[in-house]
Amino acid sequence: MYQRIYSVVGNIPAGKVATYGQVAGIAGRCSPRQVGYALSALPEGHDIPWHRVINRQGRVSPRSFPGGDLVQRHLLEAEGVVFNDKDRVDLERFGWDPVWQHGNSVVKGGE
DNA sequence: AGATTGACTGCAT
DNA sequence: CATGCAGCCAATC
């Protein structure tokens with residue numbers, strides 16, 4: 001029943017990134033853990049840009065198998081996301097604004 | 001139904 | 001900046 005989360009992740013535009021907590025908040029009353037857990041349980045024929053989901057630190061999380069986080073970084077760079085010298089992404093700049101998504105689900109007070 | 005875990009987050013040390 | 005602790009919700013055993 002992670003379809004909800006997958007839907008949110010799928011709404012993330014290329015060149016942007018979202019945090020687990022953010023996705024969790026948009027997806028529903030879930031906890032960031034469920035998001036990570038959901039992505040770890042990604043279906044085989046998924047179409048989910050899971051690499052656009054990172055943690056609050058602006059860094060990719062240490063996933064289940066070694067080397068995977070490196071792949072995520074490459075995918076993000078391929079979409080235009082830039083990493084700092086500390087391997088971190090500027091969430092203030094690449095952070096996804098789910099303002100137009102779901103609409104009512106997110107009362108971000110918009111800018 | 002109870003216990004454990006998991007790609008998280010925030011605060012304290 | 002790294003590590004530790006607790007809250008969080010759902011899935012799995």
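Note that these values count all heavy atoms, side chains included, but never hydrogens, waters or copies made by symmetry. The structure displayed is predicted, hence computed values, not measured ones. We name chains A, B, ... by the order of the sequence lines, and we start the count at 1 in each one.
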Using the rule that Ile, Leu, Val, Met, Phe, Trp and Tyr join whenever any side-chain heavy atoms are under 4.5 Å apart, tell me whether A:Leu70 and A:Trp50 fall into a single cluster. no

Quick one, A:Leu42 and A:Tyr6 - any side-chain contact, counting heavy atoms below 4.5 Å? yes

In whole angstroms, the gap separating P of B:dA7 from OH of A:Tyr6 amounts to 13 Å

A:Arg88 or A:Cys30: which one's nearest nucleotide on DNA chain C is closer to the 5' end? A:Arg88

Which atoms form the tightest heavy-atom contact between A:Gly21 and A:Pro32, and what is the distance? CA-CG, 4.0 Å

Who clusters with A:Ile54? Use side-chain heavy atoms, under 4.5 angstrom, across I, L, V, M, F, W and Y, and order the result by chain and number. A:Val17, A:Val60, A:Leu76, A:Val81, A:Val82, A:Phe83, A:Val89, A:Leu91, A:Phe94

Any chance CG of A:Asp47 has more than 12 other-residue heavy atoms, nucleotides or ligands included, within less than 6.0 Å? no

Holding to side-chain hydrogen bond (donor to acceptor under 3.5 Å, both in side chains), I want the full list of residues that pass it with A:Asp69, two or more places apart in sequence or in another chain. none

Report all interatomic pairs (protein N or O, nucleotide N or O of nucleotides 5-8 of chain C) with separations under 3.5 Å.
| from | atom 1 | to | atom 2 | distance (Å) |
| --- | --- | --- | --- | --- |
| C:dG7 | O6 | A:Arg33 | NH1 | 2.8 |
| C:dG7 | N1 | A:Arg33 | NH1 | 3.1 |

Whole-Å distance separating the CD1 atom of A:Ile48 from the C1' atom of B:dA7: 15 Å

Please enumerate all residues that pass side-chain hydrogen bond (donor to acceptor under 3.5 Å, both in side chains) together with A:Ser40, with sequence neighbours excluded. none

If you take atom types as modelled and just measure distance, does the side chain of A:Tyr37 reach the base of C:dA10 with a donor-acceptor pair under 3.5 Å? no

Tell me which residues in residues 72-84 of chain A lie within less than 4.0 Å of DNA chain B, going by non-hydrogen atoms. none

Taking side chain as C-beta onward, heavy atoms only, is A:Ile5 less than 4.5 Å from A:Tyr37? no

Atom-pair distance (CD on A:Gln57; P on B:dC11), nearest Å: 13 Å

In this structure, how many angstroms lie between the P atom of C:dC9 and the CG atom of A:Leu39, rounded? 18 Å

Rounded to whole angstrom units, what separation is found between the CZ atom of A:Arg56 and the P atom of B:dC11? 11 Å

Listed once per pair and sorted, the salt bridge (charged side-chain N to carboxylate O under 4.0 Å, His left out) pairs that draw on residues 71-80 of chain A, sequence neighbours left out: A:Arg52-A:Glu79, A:Arg73-A:Glu77, A:Arg73-A:Asp87

Separation of atom CD1 in A:Ile5 from atom P in B:dG6, rounded to whole Å: 17 Å

